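Comments concern the structure below.
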Amino acid sequence: MNRPQVTLALLDSANDKDPVVREQVRKSILTLGKQQPNKVLSMCQDYLVKHPKLIVGHRVVILQTIELIVKTKIDDISYLKIKSIISLASDEMTRSKDVVPDWQQAASNILVAVGNKYINDIMEEILSKFQPGILPHFFVVQTLASLSESNVYGMVPFLNAILGTMLPMLGMAKQDNMKWVFSSALSHFSESILEYLANLDKAPDPTVRKDTFSSEIYAAYDILYCSWLQSRESKLRLTVAEAVGPMSHLMAHDKLEEQLPKLIPTILSLYKKNTEHYVISKSLCQVLDASVNMGSRVLETQIDSLLTTLNQQVRQSDSPLMAHGLTLCHTLPSFLANTFPDRLVMFVLQKLENSNERIRMGSLAVLRHLINSSTSIMESKKLLILASIRQPLADHSNKVKKRVVQVISAMAHHGYLELEGGDLLVKFIIQHCALPDTYYRPSDPEEVTNEALRSMCDNTLHLFTTTVGRLTDVLWPMLLYYLTPGQYSNATAPLCKSLTLLGTKKRASQEPNFNIDFNEHVNLPSPHILMVRLLVNGSFPFRSRGHGAPSLSLLNVISPNIHPNAETLWEKEIPALLSYLEVFSVSKGFDIQHYLFGHIQFLAKSLVAIADDKWSCQLAIEATRYLSTYNQSLEEKSFLYRCIGVTLQQCSNKEVVQKQLQEMLISARHNDAIERAGVAMGIGLCASSHLDATLAKLDDFGKSDAFKKASGIFSLLKDKNDLDVEKMKSTLILCYGYVALHAPEDQILSRIDSDILRSISNFYLLLFPQELYKDTFNALQELLRNILARDLSPDGLQSVFKHIEEWLSSGQGHERERAMNTTAHILEFYFNNLHVKNMVTFHNLGSLLGRLAPRCTDPNPLVRRAAIDCIYTLLYIQLRYEGFSLDYKDDSVERLITLRESMDNPDHSVLYKTCSELIISKRLPQQQLNTLIFMLIEGLVDSQSNCSRASSVLLNTLLKNRGAGLQDLVDCRCLGNGVLLGLFVSNVQV
């Protein structure tokens with residue numbers, strides 16, 4: 001198929017139902033047209049001529065294709081072809097007297113495209129259809145308007161004649177669409193003339209003057225203003241208003257001066273009648289600009305009405321209808337700022353005092369525009385603006401706050417923040433970087449959430465740091481102040497990022513003010529508190545919007561300001577911590593306890609590197625004072641207690657150590673378990689260097705008035721209640737536990753009996769049985785675990801058990817229960833942590849069984865259950881010592897599990913039998929029978945008759961079954977005196 005056939009086929013397909021196909025056809029014809037423009041254009045013309053009844057859509061596609069070929073290849077198209085194209089397009093455009101927009105617009109576009117090069121030929125054709133006294137076709141006027149826009153220099157020389165012909169036609173136009181097209185044409189003509197006059201150096205006729213058009217333009221204006229502007233049709237009113245703007249620049253000065261008192265109020269009134277404020281604002285500003293250029297004397301009389309309208313418009317400036325284009329709030333201020341700056345500024349600032357949300361938002365939008373666009377004029381008004389902006393700073397609306405942030409951003413770029421009062425604006429930004437989450441999705445799409453406002457403030461602070469160089473010395477070191485108060489904790493991440501950028505730049509440039517004189521900047525936190533805050537931030541790195549990494553980065557940057565000796569260590573250690581956070585920032589494998597331990601080690605290394613006892617003492621003092629700022633963040637507070645403990649390790653001043661220990665114990669909120677643990681860990685860490693001082697302070701605390709309960713009605717007002725006292729006991733016991741854990745082994749072992757267990761044994765089991773003492777009991781178990789961990793051996797177990805066993809036979813059920821539960825706990829800990837390297841003798845098995853076995857029949861079912869658990873664990877400990885593996889199960893021992901389940905209503909005969917069988921079995925070595933017997937003999941006088949009876953049964957069974965091996969024992973125990981045997985026999989008879 002040859003090219004003509006292809007082209008013809010494409011033309012036939014130009015009206016395919018599929019828009020994608022139509023577009024592809026157009027592109028294909030254009031491709032052919034670029035190769036042979038004259039030939040393809042001829043085929044398009046012929047196709048249209050041969051098919052006069054072609055549907056409109058089909059004709060439009062072909063006409064659009066002709067336009068594209070003309071636009072791209074006009075220099076390659078023959079003049080004859082151009083003439084024929086003009087004739088074709090003109091005919092297509094005007095063939096129908098009715099307006100058919102798509103068809104006629106496509107033809108008009110061809111004429112405009114040709115007119116960019118052949119304006120005279122086009123005008124000859126168009127003017128032939130633009131004759132005096134005859135109302136022209138709609139698209140003839142439209143084409144003239146489009147030509148004046150696309151070819152200014154070609155069209156302006158024709159406009160005087162066109163205007164002369166057009167003026168009488170205006171009176172003939174009765175239909176709104178003709179009025180509209182004439183108004184649009186006058187707008188385009190005026191814009192073209194103004195552009196021509198503004199660029200006379202490029203114009204073909206530099207002698208053209210404005211007054212050439214003044215009389216015709218004024219005559220047209222008179223019709224538009226007096227008649228058409230009053231139309232009920234909104235579209236026509238807007239087009240007339242749009243035309244009046246550029247036309248005002250072409251009117252004679254005296255005529256414009258005469259019209260201004262009427263024209264300005266008329267344009268202002270259009271705001272109430274129309275929603276498309278962009279066109280009105282543009283026209284108004286053009287009129288005002290024309291009046292200023294000619295030195296109008298009546299303009300000042302219009303200021304009040306202009307400001308009144310501005311006041312009305314600021315209420316709507318945030319409306320969705322206003323958001324897409326220029327509004328009066330953006331255009332009028334620039335004009336008034338240059339002509340009547342004082343009146344405008346006072347107007348805007350007065351409106352800021354209005355609490356109406358819309359008015360305040362609009363006023364802030366105007367103020368922002370003024371600050372950005374009228375720098376020199378606003379220079380003398382900076383202090384006044386700074387004073388006036390304080391009122392909207394206190395507004396509760398996030399929408400208003402968003403506008404305030406935008407104004408502050410503009411002020412930052414124009415030197416306001418360096419002035420007195422500028423610090424309040426910085427504070428406002430930081431306060432809103434610290435906003436909490438909204439926690440709900442707003443139904444109003446215009447609502448500004450906390451998250452959105454906070455993000456905006458984050459970005460604003462970053463821009464202050466990176467793009468407003470003049471603010472560097474305003475923000476440094478001022479921003480450091482906001483790192484420590486708790487109310488700014490959610491702003492820590494952006495603050496640290498900004499400070500890191502500022503500090504890095506100053507440190508690299510060796511700027512003198514990088515080194516901070518904290519005596520001069522008295523409002524700043526001390527180096528010690530800065531270190532504390534940033535270190536604690538780093539300890540829980542993913543809280544407060546991920547403040548950990550930024551805090552550590554800042555700590556590294558400001559190391560010379562914290563202590564010069566820290567610099568080298570931190571440059572090595574902090575990047576390693578940051579790398580760890582990068583790896584685990586998203587991973588679920590983040591081990592917080594491992595990380596916290598690393599942080600404590602980092603602090604310990606830092607204090608060693610700093611090697612300044614006075615500085616370390618001051619750090620401990622200030623960190624202790626700072627504890628209360630974490631009352632709402634107890635895990636962080638707990639970590640700070642640990643930091644204080646590590647710091648006290650490095651303090652040689654005993655007075656400071658004792659004072660801080662006292663403060664920690666007295667000021668702690670003992671009712672909270674997390675804080676109790678933190679205090680205990682801190683005091684335990686301190687004990688590693690100051691054991692004597694720590695134990696002395698704990699002893700004093702245990703004897704202090706804080707532990708005395710109310711002794712009368714009046715003392716209730718000043719003494720602590722039972723709950724408070726028991727929580728403090730829990731703290732104290734925990735403290736002893738961590739002291740036992742951290743103190744030097746060569747010092748602590750000798751103090752466990754004499755100081756630690758002696759101090760707590762006076763009160764820990766003498767508690768009422770309420771649930772509120774659970775924490776104290778847990779603390780005791782933690783203490784005993786720590787002591788036992790020091791010596792995980794039969795002797796170590798016995799040294800702990802001896803402080804418990806006297807309570808096993810107490811007359812109070814809750815005391816026996818606690819003692820038995822504690823025993824079960826320490827036995828389980830012993831078993832789980834036992835590592836038998838060599839087979840050794842569990843030499844105290846007999847004595848432990850002798851104490852515990854009778855309790856299997858205790859009146860308290862909870863004691864009975866715990867006793868079974870203890871015996872079960874004891875026997876497995878013995879099996880471990882005999883060489884059996886950890887997972888070995890012994891059938892006879894496992895029978896205790898079944899027995900335990902029946903402890904609420906036990907069959908005592910079964911119970912006695914089971915226990916007896918276990919004890920007389922081979923599980924108990926022969927050499928331990930003697931100790932067992934003497935423990936059981938002591939049990940014969942137990943306060944609980946069931947338990948004494950159990951001792952008797954066990955002794956009886958034991959003597960019957962394994963008595964043959966006890967002859968030596970009888971010989972060496974002086975049984976001849978009859979004391980022990982008599983006691984036993986008498987009880988057996990009972």
Side-chain angles (χ1 to χ4, degrees), residues 480-490 492 524-540 543-544 547-548 551 555 562 596 599-600 602-604 606-607 615-651 653 655-690 693-694 697-698 700-701 704 706 720 724 727-728 730-732 734-735 738-739 742 775 779:
L480 289 170
Y481 166 78
Y482 297 100
L483 286 177
T484 54
Q487 65 265 35
Y488 302 116
S489 60
N490 219 25
T492 302
L524 294 183
S526 69
H528 307 86
I529 292 301
L530 279 174
M531 178 176 172
V532 165
R533 186 71 183 189
L534 295 174
L535 191 63
V536 174
N537 288 348
S539 66
F540 294 91
R543 296 183 180 175
S544 297
H547 64 182
S551 295
L555 190 62
I562 301 298
L596 289 177
H599 244 53
I600 289 292
F602 168 70
L603 173 60
S606 299
L607 294 169
W615 194 93
S616 295
C617 288
Q618 188 63 27
L619 177 62
I621 292 168
E622 295 195 31
T624 306
R625 290 177 190 153
Y626 197 62
L627 281 165
S628 61
T629 62
Y630 287 107
N631 282 345
Q632 305 305 316
S633 306
L634 291 179
E635 288 184 303
E636 284 87 341
K637 188 175 185 181
S638 176
F639 178 76
L640 181 53
Y641 277 116
R642 294 168 69 179
C643 292
I644 295 170
V646 169
T647 305
L648 290 174
Q649 291 176 0
Q650 300 298 320
C651 296
N653 187 320
E655 185 178 343
V656 169
V657 172
Q658 292 177 343
K659 181 72 183 302
Q660 302 325 300
L661 289 173
Q662 176 79 1
E663 287 295 320
M664 290 165 70
L665 289 165
I666 294 298
S667 63
R669 300 194 302 181
H670 299 276
N671 286 344
D672 189 274
I674 295 175
E675 184 157 349
R676 288 199 302 274
V679 173
M681 285 188 277
I683 288 177
L685 287 165
C686 174
S688 70
S689 296
H690 306 285
T694 303
K697 187 55 63 181
L698 290 175
D700 290 345
F701 182 62
S704 68
K720 296 180 180 292
D724 292 332
K727 297 297 185 184
M728 286 190 291
S730 177
T731 304
L732 186 60
L734 270 179
C735 288
Y738 280 101
V739 167
H742 292 290
D775 291 334

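Just the heavy atoms: all of them, side chains too, but no hydrogens, waters or symmetry mates, feed the values below. Just so you know, these numbers come straight off a predicted model, no measurement behind them.
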Between the side chain of [X] and the main-chain N/O of [Y], is any donor-acceptor distance below 3.5 Å?
X	Y	result
D672	R669	no
S489	G486	yes
S526	I529	yes
T624	A620	yes

Please give me the minimum heavy-atom distance between [X] and [Y], naming the atom from each residue.
X	Y	value
S606	M531	CB-CE, 4.3 Å
L555	F602	CD2-CE2, 4.3 Å
V679	L665	CG1-CD2, 4.2 Å

Open item on the list: Test of understanding: with salt bridge (charged side-chain N to carboxylate O under 4.0 Å, His left out), list the residues that count as partners of K637, not counting sequence neighbours.
Closed with: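 By the salt bridge (charged side-chain N to carboxylate O under 4.0 Å, His left out) rule, K637 matches E675.
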Side-chain heavy atoms of L698 within contact of T694, under 4.5 Å: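 Side-chain contact under 4.5 Å: yes.
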inquiry  = As an exercise, state the distance from CG of N653 to NE2 of H690, rounded to the nearest 0.5 Å.
reply    =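 Between N653 CG and H690 NE2, I get 9.5 Å after rounding to 0.5 Å.
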Cationic tip of R642 above F639 ring, under 6.0 Å, 45° of axis: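 Judged by the rule (NZ or CZ under 6.0 Å from the ring centre, within 45° of its axis), R642 is not positioned above F639.
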Open item on the list: Check E663 with R625, please: is the shortest side-chain N to carboxylate O separation under 4.0 Å?
Closed with: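 Here R625 does not pair with E663 in a salt bridge, since their nearest N and O are not under 4.0 Å apart.
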Q: Check the side chains of E622 and Q618 for a donor-acceptor pair under 3.5 angstrom, ignoring hydrogens and angles.
A: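 The answer is yes; a qualifying pair exists.
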